[in-house]
Amino acid sequence: SYSHEIRTPLNTVVGFSELFEMEHSAEDEAVFINEIKENSASLLKLINDILFLSRLDAGMINISPQPVDFASLFAGRCASVWDNHKIEGVNYMIQSPYKRLVIEIDEPHISMIINKILTNAIQYTTKGYVLARYDYIADRLIVSIEDTGCGINQEAIGNIFGRFVTGANSGSGLGLSISHELVNHMDGKIELTSTEGKGTTVWFSIPCKMIEMERNQ
């Protein structure tokens, strides 16, 4: 059920909005505004994810592979997520074996998967590193995102790709679910290994045609 996940941030927004009407000091307003903004943003993200899953369930998401330089796309996606979420003391690394790798793939949806897995990794990693890498082997794009974050307890791992399942105490638990369902929709595979307290690795592979390849020297 989506109700609990939606009600929690919505109740916070309503609650802090009502506090404006009660007696309060001017200093309190910055706290109220910050809480309203943060919970509104998480509510909007959650609703977007739920709407996307509804469209996926209804068969309304079409996969349209187009030629794209994945080497450039991957570097850009990683930089974009890291710039918005970087934590001091964590090392963010990309391993790219290619100067140029043109493959036929659905750019918006592959970007969404990378964004969601990377955001998860960054959210739960406060020390050590996040390592993002990819390769093209046997007609498949393979992407791996490894972190030294808090990890996932063994009970949660079995159903970690389920909707509203989260390995930690925060987050809606839809990021990995959307990634899993999209990878399956592209005839790919996605897997996860994790050790609680030590970190997590998520990797996925998607079959696709390679058009042009230039390896790094």
**Q** Could you tell me whether the side chain of Thr148 and the main chain of Lys127 form a donor-acceptor pair under 3.5 Å?
**A** yes
**Q** Determine whether Gln66 and Ile105 satisfy the following criterion, side-chain contact (heavy atoms from CB on, under 4.5 Å), listing intermediate values before the conclusion.
**A** CA-CA 5 Å; Gln66 303 285 337; Ile105 205 151; over 6 Å; no
**Q** Classify the side-chain pair Tyr98/Asp135 by whether it contains a donor and acceptor separated by less than 3.5 Å.
**A**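 There is such a pair (donor and acceptor under 3.5 Å, judged by atom type) between the side chains of Tyr98 and Asp135.
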**Q** Counting C-beta onward and ignoring hydrogens, is there a side-chain heavy-atom pair between Pro207 and Asp139 closer than 4.5 Å?
**A**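 Result no, sub-4.5 Å side-chain heavy-atom pair not found.
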**Q** Tell me if the aromatic rings of Phe32 and His24 count as close, with their centers under 6.0 Å from one another.
**A** yes
**Q** When you check the side-chain N and O atoms of Ser96 and Tyr134, is any donor under 3.5 Å from an acceptor?
**A** yes
**Q** Testing the 3.5 Å rule here: is there a donor-acceptor pair between the side chains of Tyr129 and Glu146?
**A**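 The answer is yes; a qualifying pair exists.
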**Q** If we only count heavy atoms from C-beta on, is the Phe52 to Met112 side-chain gap below 4.5 Å?
**A**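 Result yes, sub-4.5 Å side-chain heavy-atom pair found.
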**Q** Is any side-chain heavy atom of His109 less than 4.5 Å from a side-chain heavy atom of Ile61?
**A** yes
**Q** Using modelled atom types and a 3.5 Å cut-off, is there a donor and acceptor pairing between side-chain atoms of Ser42 and backbone atoms of Asn39?
**A** yes
**Q** Are Ser54 and Asp57 linked by a side-chain donor-acceptor pair shorter than 3.5 Å?
**A**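 Side-chain D/A pair, Ser54 to Asp57: absent.
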**Q** Grab the two heavy atoms, one from Cys208 and one from Glu104, that are nearest each other, plus how far apart they are.
**A**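 The answer is CB-O, 3.3 Å.
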**Q** Would you confirm whether Asp147, through its side chain, and Thr125, through its main-chain N or O, come within 3.5 Å as a donor-acceptor pair?
**A** no
**Q** Under the ring-ring contact (aromatic ring centres under 6.0 Å, His included) test, which residues partner Tyr136, sequence neighbours left out?
**A**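 Testing Tyr136 for ring-ring contact (aromatic ring centres under 6.0 Å, His included), a comparison that skips the adjacent residues, returns none.
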**Q** Could you tell me the separation between the CG atom of Leu176 and the CD atom of Glu181, rounded to the nearest 0.5 Å?
**A** 11.5 Å
**Q** I'd like to know if Trp203 and Ile122 are part of one continuous hydrophobic network [Ile/Leu/Val/Met/Phe/Trp/Tyr, side-chain heavy atoms within less than 4.5 Å].
**A**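 No.
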**Q** Taking the side chain from Ser17 and the backbone from Val13, do they hold a donor-acceptor pair closer than 3.5 Å?
**A**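 Checking the backbone N and O of Val13 against the side chain of Ser17, a donor-acceptor pair under 3.5 Å is found.
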**Q** Does a side-chain heavy-atom distance below 4.5 Å link Thr201 with Ile145?
**A**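 The answer is no; the side chains never approach within 4.5 Å.
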**Q** Test side-chain contact (heavy atoms from CB on, under 4.5 Å) on Leu131 and Gln95; report intermediate values, then the result.
**A** CA-CA 7 Å; Leu131 170 61; Gln95 274 183 13; 3.9 Å; yes
**Q** Find the distance between CZ (Phe161) and CD1 (Ile178) and round it off to the nearest 0.5 Å.
**A** 13.5 Å
**Q** Judged by atom type as modelled, is there a donor-acceptor pair below 3.5 Å linking the side chain of Gln154 to the main-chain atoms of Ser194?
**A**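 At least one qualifying donor-acceptor pair exists.
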**Q** Decide whether His85 and Gln123 meet the rule of one side-chain donor and one side-chain acceptor closer than 3.5 Å.
**A**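 Not at all, the side chains of His85 and Gln123 share no donor-acceptor pair under 3.5 Å.
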